[in-house]
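Side chains included, hydrogens not; waters and symmetry mates left out as well; all remaining heavy atoms used.
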Amino acid sequence: AQASHVPAFATMRSSGVVTASASLEEQLLQRVAALETKVSELNGTVHLLSSSPRPPPAAVVHDDEAALSARSSVDVGGAANGHGAESSTASSESEGESDDSVARNGVLLRHVKHRSLLPGEASFSRTGYTFCGSAWDAAICIGDPSIGAGGSCLLGFLVLLNTCIQLVFCNIVRNSFTQNPYDSDTLTALKWWRTGVAQSVDRVDLTTQTSLASRVCHFYEAIPVSAEQMTMANDVEHYGWMLNDSGPVLCMLALTCWFLIIMSEVNKGLRFGIAMLHITKGRTVILQDEEGGMVVQSLALGHMLGMVAVQGIRLGIAVALGLYGVEYLVYTTSLKDLLLNAVALEFILTIDETLFELAVTDQVKIFVSRLKPLQMLRGPGWRGADLSAIMMTFGPVACCLLVVALRLQLALEERKAAWDAVCGGQRHFAVATDGLGRMHWSRTVKYADNLGEKQGYARAAVDAIIWNGTEGVSSDTAIYTLTLDNLIHRVREQTIDQAGVLTDRVDADANDDASTGMDWAMGKAILRAATTNKTLASCDDFRPYCFSVEMEGVRARQWCPVTCGCASMREGLLLDGPSLGCPKSCQEQFQSSVHTHPCTPTVATNVSIQSDFRAYCNGLTTLFDQPGFKNAQLVELGGRMLEQGCQAVVDAGYLGAALCKGQTFTARSTEERQFRSVEKLCPVACGCDGSGLPGAKRNWLQLSQLSQPTAKKVLQMRGACNRAMPLNLDYFYMGRTENGSPMYRSPSADFIYYGPDC
């Protein structure tokens, strides 16, 4: 072993590394130290050349042929022996870091250094930007000889096409999908619709007696008009206007995911652009490592600027689409559209990947897949967590909260304003204007979920005509009208009051006569539809509905007037007018019995024990506890009347006068509510003796004791009564004069009328 080292020592000595005066041991130690220094300098340098076959090159140097030939002339075959290797090493060392590549068969290969990072390189990432299958990333291959001129032209066209498609989509989203559907103009139009159309009496459904606003806001599918307003109200109600409603929650989730997608796209563009700036400027050189991967060593300035411009366009599209997408999602009106819109926005950003997958050549796909990640500066971080990762984690949530505070909250307030404009406040009423321009309003029937059942009769009748109707023949469900003019001007325009003149004062089930138009089969179908009770079979079954002020009560009194008590007091019915369903003949029959009770205090004191009086009191409390007639004071008065009798009417003041006159007024309105008067049951309390109405009583006995001349002046009659009206409906009958003329007193006891014309 020592002998084999002697030549080497001699060579070392001849080189002057070891001094002549040193001993053999010292010479060995010095030589070992010199070798360790040399090894340390060469540590980590590994040539990727070996005797094994190499994979085919995927890229070549973008140099001219002369430079490539010059590099190819380097002989690397002598590296197999020790002396050749030493010569090659010395040559490589002399070149230094300026050119650490060698050529094999005309292909420039890159030396890969495996060593620790130097202090100045500590901020570089070992992974950097990783290329992906995208038209944006594939743009780096443009001009590479390995994909050919045709492949470069096609790739350039695809990048341009991708840019144009995404820009067009951005413009469409900005112009068509970012408008506020609840802006001030829309809210104004909705308010005009509500005040001018939705509450108009012309839009009241005659079958169900419901207003248009009521049907719209309950999303009645068979509505003939205002479908747009109904759709908007439906969307707003299902979306909600509170942050914890389903719509805002889903919107916040969609915004968070959208910001994730946008920030991912922006992050790719920024990392690519920054990595481009860290590549060595010069000729475009792409090397191949021993694993077949492609390493971008340097780029020409024009190539680099082109890639930076492409990534700038990519960033601009991502940022613009991100902003427009936020407006699009915030102002999406329905829940299902919110999900679809979020997916549609994400689709726009994947067009580059779709084009790469479908239209890029296989050479470009292989080239991009073999490109090694670009090195770039590693950003700041905290205990292993990169700033980029932190931003990608918390950035979308922070952006979503910012949008909620600046945009979504305002959009929700506008949704609430739209709901109030269409469906806010009272909806169950209708308005009309009289000849003087004064506005009148009345309550309509409250919408119910069983509205379809209330129209069951009408729908069944029309369906029967569709399939079985015969011209000129009436059926159990519909009456044939001879001419269309009669149908339009007589049938359609006939009111409930007018219908009361035509009907008889008998129950339809007791006089089932189709020839009179009061066929009980038809009446029963109408009543069942109005009450939504299909088990009722006779008028007695419909008795509970007789006291209702709703449409079921009107229909019950129309078809079963005797059962409901339209002509008597025994049922306690106070709704006896034709406009309320009772036939006019029943009202006349009831009024004809007004004079059967003499005007004596005895009746007034004993009437409290009569069944008719108790029925009246119960009917009073029932009537004035219903919508449209609600009056708590009259309900309380009905209870006192059960205890105190007619004296409660006298003590009630103006309320008692209202019972005597049979009319009361709604609050702050000139419209009166007509009902059956208590005058027949309490004639003295109502002033049949001339004492006046409750609250304005006068001592009639003192007037009768006046001197004869004074009495004549007080009771002197002047003029003639030419009023063409039944005075017994509005005035109290006092008896007859000496010549037999009837005498009446006004309700206020201020005037007395008599004479044959009255």
Show your working on side chain to side chain contact (heavy atoms under 4.5 Å, CB included) between Leu642 and Arg614 and close with a plain yes or no.
CA-CA 6 Å; Leu642 286 173; Arg614 290 195 298 269; 4.2 Å; yes
Does any pair with a residue in residues 620-641 pass ring pair (Phe, Tyr, Trp, His ring centres under 6.0 Å), and if so which ones, sequence neighbours excluded?
Phe624-Phe675
Counting only N and O atoms by type, is there a donor-acceptor contact under 3.5 Å from the side chain of [X] to the main-chain atoms of [Y]?
X	Y	result
Asp507	Cys539	no
Arg640	Ala648	no
Tyr616	Gly638	no
Lys416	Trp241	no
Gln626	Phe547	yes
Thr622	Asn618	yes
Asp245	Met242	yes
Thr444	Thr210	no

Taking side chain as C-beta onward, heavy atoms only, is [X] less than 4.5 Å from [Y]?
X	Y	answer
Val506	Pro561	no
Leu212	Val225	yes
Tyr182	Leu190	no
Ile479	Met522	yes
Leu536	Leu527	no
Thr563	Phe542	no
Lys661	Leu693	yes
His440	Thr433	no

Can you give me the closest heavy-atom contact between [X] and [Y], atom names plus distance?
X	Y	value
Ser538	Asp509	CB-OD2, 3.8 Å
Leu335	His238	CD1-O, 3.8 Å
Phe219	Ala233	CE2-C, 3.7 Å
Thr186	Pro181	CG2-O, 3.3 Å
Met641	Cys617	CB-SG, 3.6 Å
Val236	Arg415	CG1-O, 3.5 Å

Does either side chain, that of [X] or that of [Y], offer a donor lying less than 3.5 Å from an acceptor on the other one?
X	Y	value
Asn234	Thr231	no
Trp467	Asp463	yes
Thr481	Asn486	no

Identify which one of Gln229, Gln199, Glu228 satisfies the side chain to side chain contact (heavy atoms under 4.5 Å, CB included) criterion when paired with Trp193.
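With Trp193 as partner, side chain to side chain contact (heavy atoms under 4.5 Å, CB included) holds for just one option, Gln229.
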Let me know which of Pro583, Cys566, Cys586 forms a side chain to side chain contact (heavy atoms under 4.5 Å, CB included) with Arg557.
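Considering Pro583, Cys566, Cys586, a side chain to side chain contact (heavy atoms under 4.5 Å, CB included) with Arg557 is found only for Cys566.
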Apply disulfide (SG to SG under 2.5 Å) to Cys660 and Cys682, showing your working.
CA-CA 8 Å; Cys660 291; Cys682 298; over 6 Å; no
Under the side chain to side chain contact (heavy atoms under 4.5 Å, CB included) rule, what do Leu580 and Val554 come out as? Steps first, then yes or no, please.
CA-CA 6 Å; Leu580 299 172; Val554 174; 5.6 Å; no
Distance, nearest 0.5 Å, that separates [atom1] of [X] from [atom2] of [Y]:
X	Y	atom1	atom2	answer
Glu552	Thr531	CD	OG1	7.5 Å
Leu623	Ser548	CG	OG	10.0 Å
Tyr239	Leu338	OH	CG	5.5 Å
Ile496	Cys582	CD1	SG	12.0 Å
Leu659	Glu679	CG	CD	12.0 Å
Thr470	Tyr480	OG1	OH	10.5 Å

Please test Tyr220 against Ser214 for side chain to side chain contact (heavy atoms under 4.5 Å, CB included), starting from the C-alpha separation and ending with a verdict.
CA-CA 9 Å; Tyr220 180 51; Ser214 180; over 6 Å; no
Salt-bridge criterion met for Arg543 and Glu571 (N-O under 4.0 Å):
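A salt bridge is present here (some side-chain N lies under 4.0 Å from a carboxylate O).
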Would you mind checking if Arg570 and Asp612 are paired as a salt bridge, meaning a charged N to carboxylate O distance below 4.0 Å?
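Looking at Arg570 together with Asp612, the answer is no, because their closest N to O distance does not fall below 4.0 Å.
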Are the gamma sulfurs of Cys564 and Cys546 separated by less than 2.5 Å?
yes
Dump the intermediate steps for side chain to side chain contact (heavy atoms under 4.5 Å, CB included) on Arg427 and Arg194, then the final yes or no.
CA-CA 9 Å; Arg427 301 191 293 266; Arg194 177 70 182 280; 3.5 Å; yes
I'd like to know whether CD of Glu413 has more than 12 heavy-atom contacts from other residues, nucleotides or ligands below 6.0 angstrom.
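More than 12 within 6.0 Å, yes.
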Report the C-alpha separation of Cys423 and Cys217 in whole Å, then their side-chain angles, then the decisive distance to 0.1 Å, and conclude whether the disulfide (SG to SG under 2.5 Å) test is met.
CA-CA 6 Å; Cys423 300; Cys217 297; 1.9 Å; yes
